[in-house]
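Report on the following structure.
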Amino acid sequence: MDEQAFTTRVTGDDRIEPRDEMPDGYRRTLVRQIAQHAHSEIIGMQPEGNWITRAPSLRRKAILVAKVQDEAGHGLYLYSAAETLGADRDELLDLLHAGRQKYSTIFNYPATSWADVAAIGWLVDGAAIVNQVPLTRCSYGPYARAMVRICKEESFHQRQGFEAMSVLAAGSPAQRRMAQEALDRWWWPALMMFGPSDVDSPNSAQSMAWGIKRFSNDELRQRFVDATVPQAEFLGLTMPDPDLRRDEETGHYRTGQIDWSEFAAVMKGDGPCNRERLARRVAAHDDGAWVREAAAAYAAKHVVAHEVAA
Amino acid sequence: MTQQPQRLSSGSPLWEVFVRSRRGLSHTHAGSLHAPDAHMALRNARDLYTRRQEGVSIWVVRAGDVVASSPDEKDAFFDPAGDKPYRHPTFYEVPDEVQHL
(Lines give C-alpha, C1' and ligand atoms only; values in the text may rest on other atoms or scores of the structure.)
Protein backbone atom coordinates (compact mmCIF):
# COMPACT_ATOMS: atom_id res chain seq x y z
CA MET A 1 0.00 0.00 0.00
CA ASP A 2 1.48 3.31 -1.12
CA GLU A 3 0.68 5.58 1.85
CA GLN A 4 1.73 8.72 -0.01
CA ALA A 5 -0.67 7.96 -2.88
CA PHE A 6 -3.44 7.26 -0.37
CA THR A 7 -2.89 10.57 1.42
CA THR A 8 -2.89 12.43 -1.89
CA ARG A 9 -6.11 10.69 -2.79
CA VAL A 10 -7.98 11.67 0.39
CA THR A 11 -6.59 15.21 0.26
CA GLY A 12 -8.08 15.44 -3.22
CA ASP A 13 -11.45 14.79 -1.56
CA ASP A 14 -11.78 11.33 -3.08
CA ARG A 15 -13.88 9.17 -0.75
CA ILE A 16 -12.69 5.77 0.45
CA GLU A 17 -15.21 2.92 0.27
CA PRO A 18 -15.23 -0.36 2.26
CA ARG A 19 -13.36 -2.69 -0.09
CA ASP A 20 -10.78 -0.13 -1.26
CA GLU A 21 -7.18 -0.61 -0.30
CA MET A 22 -6.25 1.49 2.74
CA PRO A 23 -3.31 1.73 5.18
CA ASP A 24 -3.68 -0.45 8.28
CA GLY A 25 -3.34 2.62 10.48
CA TYR A 26 -6.24 4.33 8.70
CA ARG A 27 -8.45 1.27 9.20
CA ARG A 28 -7.42 0.91 12.86
CA THR A 29 -7.95 4.60 13.61
CA LEU A 30 -11.41 4.55 12.02
CA VAL A 31 -12.54 1.36 13.76
CA ARG A 32 -11.44 2.80 17.12
CA GLN A 33 -13.07 6.20 16.48
CA ILE A 34 -16.33 4.85 15.04
CA ALA A 35 -16.66 2.23 17.79
CA GLN A 36 -16.03 4.84 20.48
CA HIS A 37 -18.60 7.05 18.81
CA ALA A 38 -21.15 4.18 18.67
CA HIS A 39 -20.51 3.29 22.32
CA SER A 40 -21.10 6.95 23.26
CA GLU A 41 -24.47 6.92 21.55
CA ILE A 42 -25.79 3.88 23.39
CA ILE A 43 -24.29 4.77 26.78
CA GLY A 44 -25.72 8.25 26.15
CA MET A 45 -29.21 6.78 26.40
CA GLN A 46 -28.76 6.31 30.14
CA PRO A 47 -28.59 9.79 31.74
CA GLU A 48 -31.78 10.88 30.00
CA GLY A 49 -33.48 7.49 29.91
CA ASN A 50 -33.64 7.71 33.69
CA TRP A 51 -36.03 10.66 33.33
CA ILE A 52 -38.57 9.14 30.93
CA THR A 53 -40.92 7.99 33.69
CA ARG A 54 -40.57 11.36 35.49
CA ALA A 55 -40.97 13.77 32.55
CA PRO A 56 -43.12 16.74 33.61
CA SER A 57 -45.77 16.33 30.89
CA LEU A 58 -46.92 13.84 28.29
CA ARG A 59 -45.53 16.14 25.58
CA ARG A 60 -42.06 16.16 27.16
CA LYS A 61 -42.25 12.41 27.73
CA ALA A 62 -43.10 11.65 24.10
CA ILE A 63 -40.23 13.92 22.94
CA LEU A 64 -37.76 12.29 25.36
CA VAL A 65 -38.74 8.76 24.29
CA ALA A 66 -38.19 9.75 20.64
CA LYS A 67 -34.83 11.32 21.49
CA VAL A 68 -33.54 8.34 23.45
CA GLN A 69 -34.70 6.02 20.65
CA ASP A 70 -32.73 8.17 18.19
CA GLU A 71 -29.58 7.68 20.29
CA ALA A 72 -30.02 3.91 19.98
CA GLY A 73 -30.47 4.37 16.23
CA HIS A 74 -27.29 6.46 16.00
CA GLY A 75 -25.39 3.70 17.76
CA LEU A 76 -26.69 1.17 15.22
CA TYR A 77 -25.77 3.32 12.18
CA LEU A 78 -22.26 3.63 13.58
CA TYR A 79 -21.78 -0.05 14.46
CA SER A 80 -22.82 -0.80 10.86
CA ALA A 81 -20.19 1.64 9.59
CA ALA A 82 -17.52 0.00 11.80
CA GLU A 83 -18.48 -3.41 10.43
CA THR A 84 -17.78 -2.29 6.85
CA LEU A 85 -14.12 -2.08 7.99
CA GLY A 86 -14.14 -5.73 9.04
CA ALA A 87 -14.89 -5.18 12.73
CA ASP A 88 -17.31 -7.57 14.43
CA ARG A 89 -20.16 -5.95 16.34
CA ASP A 90 -20.15 -8.48 19.17
CA GLU A 91 -16.42 -8.01 19.60
CA LEU A 92 -16.83 -4.23 19.82
CA LEU A 93 -19.50 -4.63 22.49
CA ASP A 94 -17.26 -7.07 24.39
CA LEU A 95 -14.46 -4.48 24.32
CA LEU A 96 -16.82 -1.81 25.66
CA HIS A 97 -18.10 -4.12 28.39
CA ALA A 98 -14.56 -5.06 29.39
CA GLY A 99 -13.63 -1.37 29.63
CA ARG A 100 -11.10 -1.73 26.82
CA GLN A 101 -12.83 0.73 24.48
CA LYS A 102 -13.98 4.13 25.64
CA TYR A 103 -17.02 6.32 25.21
CA SER A 104 -17.39 10.08 25.64
CA THR A 105 -16.57 11.25 29.19
CA ILE A 106 -19.68 13.45 29.21
CA PHE A 107 -21.97 10.48 29.91
CA ASN A 108 -20.25 9.77 33.20
CA TYR A 109 -21.99 12.76 34.77
CA PRO A 110 -25.38 12.31 36.46
CA ALA A 111 -28.62 14.00 35.36
CA THR A 112 -29.76 15.04 38.82
CA SER A 113 -32.83 17.14 37.93
CA TRP A 114 -35.27 17.55 35.04
CA ALA A 115 -33.36 20.69 34.06
CA ASP A 116 -30.32 18.48 33.38
CA VAL A 117 -32.31 16.75 30.61
CA ALA A 118 -32.89 20.18 29.07
CA ALA A 119 -29.22 21.13 29.51
CA ILE A 120 -28.05 17.86 27.94
CA GLY A 121 -30.15 18.48 24.81
CA TRP A 122 -29.06 22.09 24.52
CA LEU A 123 -25.35 21.77 25.43
CA VAL A 124 -24.30 18.15 24.97
CA ASP A 125 -26.18 17.63 21.71
CA GLY A 126 -25.19 21.16 20.69
CA ALA A 127 -21.51 20.32 21.18
CA ALA A 128 -22.01 16.98 19.44
CA ILE A 129 -23.42 18.77 16.36
CA VAL A 130 -20.38 21.06 16.15
CA ASN A 131 -18.14 17.98 16.38
CA GLN A 132 -20.14 15.90 13.93
CA VAL A 133 -21.00 18.27 11.10
CA PRO A 134 -17.40 18.22 9.74
CA LEU A 135 -17.50 14.39 9.93
CA THR A 136 -20.19 14.37 7.23
CA ARG A 137 -17.26 15.22 4.89
CA CYS A 138 -14.93 12.61 6.39
CA SER A 139 -12.86 10.65 3.86
CA TYR A 140 -14.47 7.30 4.75
CA GLY A 141 -17.79 7.00 2.89
CA PRO A 142 -19.87 4.84 5.28
CA TYR A 143 -18.87 6.96 8.32
CA ALA A 144 -19.66 10.20 6.47
CA ARG A 145 -23.06 8.87 5.36
CA ALA A 146 -23.95 7.74 8.89
CA MET A 147 -23.03 11.22 10.12
CA VAL A 148 -25.38 12.87 7.62
CA ARG A 149 -28.32 10.96 9.09
CA ILE A 150 -27.18 11.60 12.65
CA CYS A 151 -26.69 15.33 12.20
CA LYS A 152 -30.20 15.76 10.80
CA GLU A 153 -31.62 14.07 13.89
CA GLU A 154 -29.35 15.86 16.39
CA SER A 155 -30.85 19.14 15.34
CA PHE A 156 -34.18 18.10 16.88
CA HIS A 157 -32.32 17.00 20.02
CA GLN A 158 -30.68 20.37 20.52
CA ARG A 159 -33.82 22.37 19.85
CA GLN A 160 -36.03 20.38 22.20
CA GLY A 161 -33.39 20.88 24.92
CA PHE A 162 -33.18 24.61 24.33
CA GLU A 163 -36.97 24.87 24.35
CA ALA A 164 -37.25 22.94 27.64
CA MET A 165 -34.49 25.15 29.08
CA SER A 166 -36.25 28.36 28.01
CA VAL A 167 -39.50 27.22 29.66
CA LEU A 168 -37.62 26.72 32.94
CA ALA A 169 -35.65 29.95 32.58
CA ALA A 170 -38.91 31.89 32.13
CA GLY A 171 -40.65 30.02 34.96
CA SER A 172 -40.91 30.37 38.74
CA PRO A 173 -37.83 31.36 40.79
CA ALA A 174 -37.37 27.68 41.71
CA GLN A 175 -37.49 26.65 38.03
CA ARG A 176 -35.03 29.40 37.13
CA ARG A 177 -32.69 28.16 39.81
CA MET A 178 -32.99 24.60 38.46
CA ALA A 179 -32.07 25.85 34.99
CA GLN A 180 -29.07 27.85 36.25
CA GLU A 181 -27.79 24.94 38.34
CA ALA A 182 -28.06 22.57 35.39
CA LEU A 183 -26.08 25.02 33.25
CA ASP A 184 -23.48 25.25 36.05
CA ARG A 185 -23.15 21.46 36.07
CA TRP A 186 -22.98 20.87 32.31
CA TRP A 187 -21.09 23.83 30.84
CA TRP A 188 -17.54 22.74 31.65
CA PRO A 189 -18.02 19.03 30.86
CA ALA A 190 -19.60 20.10 27.53
CA LEU A 191 -16.45 22.12 26.70
CA MET A 192 -14.33 19.05 27.48
CA MET A 193 -16.28 17.03 24.90
CA PHE A 194 -14.03 18.49 22.18
CA GLY A 195 -11.04 16.75 23.70
CA PRO A 196 -7.69 18.06 24.90
CA SER A 197 -6.13 21.18 23.49
CA ASP A 198 -4.40 20.64 20.13
CA VAL A 199 -0.91 20.74 21.63
CA ASP A 200 -1.84 17.73 23.82
CA SER A 201 -3.69 15.77 21.15
CA PRO A 202 -1.10 13.44 19.60
CA ASN A 203 -3.34 11.76 16.99
CA SER A 204 -4.84 14.95 15.57
CA ALA A 205 -2.23 15.63 12.87
CA GLN A 206 -2.44 12.14 11.38
CA SER A 207 -6.26 12.18 11.40
CA MET A 208 -6.19 15.55 9.62
CA ALA A 209 -3.81 14.18 6.97
CA TRP A 210 -6.17 11.26 6.41
CA GLY A 211 -9.21 13.49 6.02
CA ILE A 212 -10.92 11.92 9.04
CA LYS A 213 -10.68 15.14 11.02
CA ARG A 214 -11.23 18.51 9.37
CA PHE A 215 -10.79 20.99 12.21
CA SER A 216 -8.75 21.00 15.41
CA ASN A 217 -10.30 20.40 18.84
CA ASP A 218 -9.72 24.01 19.84
CA GLU A 219 -11.28 25.40 16.66
CA LEU A 220 -14.43 23.33 17.18
CA ARG A 221 -14.62 24.23 20.87
CA GLN A 222 -14.35 27.92 19.95
CA ARG A 223 -17.17 27.52 17.43
CA PHE A 224 -19.39 25.99 20.15
CA VAL A 225 -18.55 28.71 22.68
CA ASP A 226 -19.29 31.48 20.18
CA ALA A 227 -22.66 29.91 19.31
CA THR A 228 -23.72 29.11 22.87
CA VAL A 229 -22.80 32.17 24.95
CA PRO A 230 -25.39 34.41 23.22
CA GLN A 231 -28.00 31.65 23.69
CA ALA A 232 -27.36 31.64 27.44
CA GLU A 233 -27.69 35.44 27.42
CA PHE A 234 -31.03 35.11 25.63
CA LEU A 235 -32.19 32.73 28.37
CA GLY A 236 -31.03 35.21 31.03
CA LEU A 237 -28.69 32.60 32.51
CA THR A 238 -25.11 33.15 33.66
CA MET A 239 -22.21 31.06 32.39
CA PRO A 240 -20.32 29.54 35.34
CA ASP A 241 -17.06 31.16 34.23
CA PRO A 242 -15.96 34.46 35.81
CA ASP A 243 -13.19 34.81 33.21
CA LEU A 244 -15.51 34.52 30.19
CA ARG A 245 -15.29 37.64 28.02
CA ARG A 246 -15.76 38.75 24.48
CA ASP A 247 -12.61 39.61 22.59
CA GLU A 248 -13.64 42.84 20.89
CA GLU A 249 -10.95 42.57 18.27
CA THR A 250 -11.87 39.12 16.97
CA GLY A 251 -15.48 38.88 18.12
CA HIS A 252 -14.70 35.50 19.77
CA TYR A 253 -15.60 34.65 23.35
CA ARG A 254 -12.62 33.63 25.48
CA THR A 255 -13.31 31.14 28.29
CA GLY A 256 -11.34 30.63 31.49
CA GLN A 257 -8.99 27.68 32.00
CA ILE A 258 -10.58 24.25 31.49
CA ASP A 259 -9.78 21.85 34.34
CA TRP A 260 -8.09 19.09 32.35
CA SER A 261 -7.28 17.13 35.51
CA GLU A 262 -11.02 16.51 35.88
CA PHE A 263 -11.20 15.33 32.26
CA ALA A 264 -8.26 12.97 32.83
CA ALA A 265 -9.84 11.57 36.01
CA VAL A 266 -13.21 10.90 34.31
CA MET A 267 -11.39 9.36 31.34
CA LYS A 268 -9.47 7.09 33.69
CA GLY A 269 -12.71 5.83 35.24
CA ASP A 270 -13.14 8.09 38.24
CA GLY A 271 -16.06 10.22 37.09
CA PRO A 272 -19.27 10.35 39.15
CA CYS A 273 -21.02 7.55 37.17
CA ASN A 274 -18.39 5.52 35.26
CA ARG A 275 -19.00 2.25 37.10
CA GLU A 276 -22.79 2.71 37.17
CA ARG A 277 -23.01 3.38 33.41
CA LEU A 278 -20.92 0.35 32.46
CA ALA A 279 -22.69 -1.96 34.93
CA ARG A 280 -26.08 -0.86 33.54
CA ARG A 281 -24.91 -1.52 29.97
CA VAL A 282 -23.57 -4.99 30.81
CA ALA A 283 -26.76 -5.84 32.72
CA ALA A 284 -28.96 -4.70 29.81
CA HIS A 285 -26.90 -6.85 27.44
CA ASP A 286 -27.06 -9.90 29.72
CA ASP A 287 -30.75 -9.45 30.50
CA GLY A 288 -31.48 -9.31 26.77
CA ALA A 289 -29.65 -12.56 25.99
CA TRP A 290 -32.82 -14.67 26.14
CA VAL A 291 -34.47 -12.43 23.54
CA ARG A 292 -31.57 -12.86 21.11
CA GLU A 293 -31.52 -16.62 21.76
CA ALA A 294 -35.29 -16.95 21.26
CA ALA A 295 -35.18 -14.98 17.99
CA ALA A 296 -32.27 -17.10 16.73
CA ALA A 297 -34.09 -20.33 17.70
CA TYR A 298 -37.25 -19.17 15.93
CA ALA A 299 -35.26 -18.26 12.81
CA ALA A 300 -33.52 -21.68 12.84
CA LYS A 301 -36.82 -23.53 13.24
CA HIS A 302 -38.32 -21.50 10.43
CA VAL A 303 -35.45 -22.40 8.09
CA VAL A 304 -35.88 -26.11 8.87
CA ALA A 305 -39.66 -25.96 8.31
CA HIS A 306 -39.02 -24.12 5.03
CA GLU A 307 -36.56 -26.76 3.84
CA VAL A 308 -38.93 -29.62 4.71
CA ALA A 309 -41.76 -27.93 2.81
CA ALA A 310 -39.51 -27.44 -0.22
CA MET B 1 -16.80 -10.80 -9.21
CA THR B 2 -16.80 -11.83 -5.60
CA GLN B 3 -19.45 -12.81 -3.12
CA GLN B 4 -19.36 -10.63 0.00
CA PRO B 5 -18.25 -12.70 3.01
CA GLN B 6 -21.16 -13.76 5.21
CA ARG B 7 -20.69 -11.82 8.44
CA LEU B 8 -22.29 -13.08 11.60
CA SER B 9 -23.00 -11.36 14.89
CA SER B 10 -24.78 -13.16 17.71
CA GLY B 11 -25.62 -15.75 15.07
CA SER B 12 -27.60 -12.99 13.34
CA PRO B 13 -26.82 -12.39 9.68
CA LEU B 14 -26.20 -8.92 8.29
CA TRP B 15 -28.88 -7.43 6.01
CA GLU B 16 -28.55 -4.54 3.57
CA VAL B 17 -31.52 -2.18 3.67
CA PHE B 18 -32.97 -0.36 0.65
CA VAL B 19 -35.67 2.29 1.09
CA ARG B 20 -38.04 3.84 -1.45
CA SER B 21 -38.49 7.35 -0.12
CA ARG B 22 -41.67 8.02 -2.06
CA ARG B 23 -43.70 6.51 -4.85
CA GLY B 24 -42.17 7.24 -8.22
CA LEU B 25 -38.58 6.92 -6.96
CA SER B 26 -36.45 3.78 -6.88
CA HIS B 27 -35.18 2.05 -3.74
CA THR B 28 -31.87 3.43 -2.46
CA HIS B 29 -29.35 1.80 -0.13
CA ALA B 30 -29.89 3.18 3.39
CA GLY B 31 -27.50 1.07 5.50
CA SER B 32 -27.36 -2.32 7.14
CA LEU B 33 -28.47 -4.10 10.28
CA HIS B 34 -28.41 -7.48 12.00
CA ALA B 35 -31.52 -9.65 12.36
CA PRO B 36 -32.11 -13.37 12.80
CA ASP B 37 -34.61 -13.62 9.93
CA ALA B 38 -36.11 -11.64 7.06
CA HIS B 39 -39.26 -10.72 8.96
CA MET B 40 -37.33 -9.20 11.87
CA ALA B 41 -34.91 -7.54 9.44
CA LEU B 42 -37.88 -5.70 7.88
CA ARG B 43 -39.24 -4.65 11.26
CA ASN B 44 -35.83 -3.49 12.47
CA ALA B 45 -35.28 -1.62 9.20
CA ARG B 46 -38.56 0.20 9.69
CA ASP B 47 -37.55 1.25 13.22
CA LEU B 48 -34.00 2.12 12.25
CA TYR B 49 -34.31 3.83 8.87
CA THR B 50 -37.86 5.23 8.65
CA ARG B 51 -38.54 6.84 12.05
CA ARG B 52 -39.36 10.12 10.29
CA GLN B 53 -41.41 8.85 7.37
CA GLU B 54 -38.33 8.48 5.17
CA GLY B 55 -39.88 5.58 3.28
CA VAL B 56 -42.99 4.01 1.77
CA SER B 57 -41.36 0.66 0.92
CA ILE B 58 -38.37 -1.31 2.23
CA TRP B 59 -36.29 -4.13 0.76
CA VAL B 60 -33.90 -6.17 2.90
CA VAL B 61 -31.26 -8.39 1.28
CA ARG B 62 -28.84 -10.68 3.07
CA ALA B 63 -25.43 -8.99 2.77
CA GLY B 64 -23.92 -12.38 1.89
CA ASP B 65 -26.17 -12.61 -1.17
CA VAL B 66 -24.88 -9.38 -2.69
CA VAL B 67 -22.47 -9.99 -5.56
CA ALA B 68 -20.23 -6.99 -6.19
CA SER B 69 -17.63 -5.92 -8.73
CA SER B 70 -14.16 -5.78 -7.26
CA PRO B 71 -12.51 -2.41 -6.56
CA ASP B 72 -9.16 -3.91 -7.67
CA GLU B 73 -10.50 -4.52 -11.17
CA LYS B 74 -12.46 -1.34 -11.43
CA ASP B 75 -10.39 0.20 -14.22
CA ALA B 76 -10.41 -2.87 -16.41
CA PHE B 77 -14.03 -3.57 -15.61
CA PHE B 78 -15.34 -0.17 -16.61
CA ASP B 79 -12.78 0.61 -19.33
CA PRO B 80 -14.89 -0.57 -22.29
CA ALA B 81 -17.17 2.48 -21.87
CA GLY B 82 -14.23 4.90 -21.77
CA ASP B 83 -13.64 5.24 -25.51
CA LYS B 84 -17.22 5.52 -26.72
CA PRO B 85 -18.09 9.20 -26.51
CA TYR B 86 -20.44 8.68 -29.50
CA ARG B 87 -22.95 7.21 -27.05
CA HIS B 88 -23.61 10.71 -25.76
CA PRO B 89 -25.80 13.18 -27.66
CA THR B 90 -23.20 15.91 -27.09
CA PHE B 91 -20.83 14.01 -29.44
CA TYR B 92 -22.82 15.18 -32.47
CA GLU B 93 -22.69 18.53 -34.17
CA VAL B 94 -26.06 20.13 -34.80
CA PRO B 95 -26.32 23.16 -37.12
CA ASP B 96 -27.62 26.27 -35.31
CA GLU B 97 -30.60 26.65 -37.60
CA VAL B 98 -31.88 23.12 -36.96
CA GLN B 99 -34.44 22.92 -34.15
CA HIS B 100 -35.99 20.15 -32.04
CA LEU B 101 -33.08 17.74 -32.42
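In what follows, every chain begins at residue 1, and chains take the letters A, B, ... in the order their sequences are listed.
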For residues [X] and [Y], report the shortest heavy-atom separation together with the two atoms involved.
{"X": "A:Ser80", "Y": "B:Ser32", "value": "OG-O, 2.8 Å"}
{"X": "A:Arg19", "Y": "B:Ser69", "value": "NH1-O, 3.1 Å"}
{"X": "B:Leu48", "Y": "A:Arg149", "value": "O-NH2, 4.3 Å"}

How about [atom1] on [X], more than 12 heavy atoms from neighbouring residues, nucleotides or ligands closer than 6.0 Å, or not?
{"X": "B:Arg51", "atom1": "CZ", "answer": "yes"}
{"X": "A:Asp2", "atom1": "CG", "answer": "yes"}
{"X": "A:Glu21", "atom1": "CD", "answer": "no"}
{"X": "B:Arg20", "atom1": "CZ", "answer": "yes"}
{"X": "A:Arg159", "atom1": "CZ", "answer": "no"}

Original post:
Say you draw a straight line from CZ of A:Arg89 to CG of B:Leu33; how long is it, rounded to the nearest 0.5 Å?
Top reply: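 It comes to 7.5 Å.
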
Original post:
Can you tell me how far NE2 of B:His34 sits from CD of A:Glu83, rounded to the nearest 0.5 angstrom?
Top reply: 3.0 Å

Subject >> Pair A:Asp70 + B:Arg52: basic N to acidic O under 4.0 Å >> reply: yes

Original post:
Would you say the side-chain atoms of A:Tyr77 pair up with the backbone N or O of B:Tyr49, donor to acceptor, closer than 3.5 Å?
Top reply: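 Absent.
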
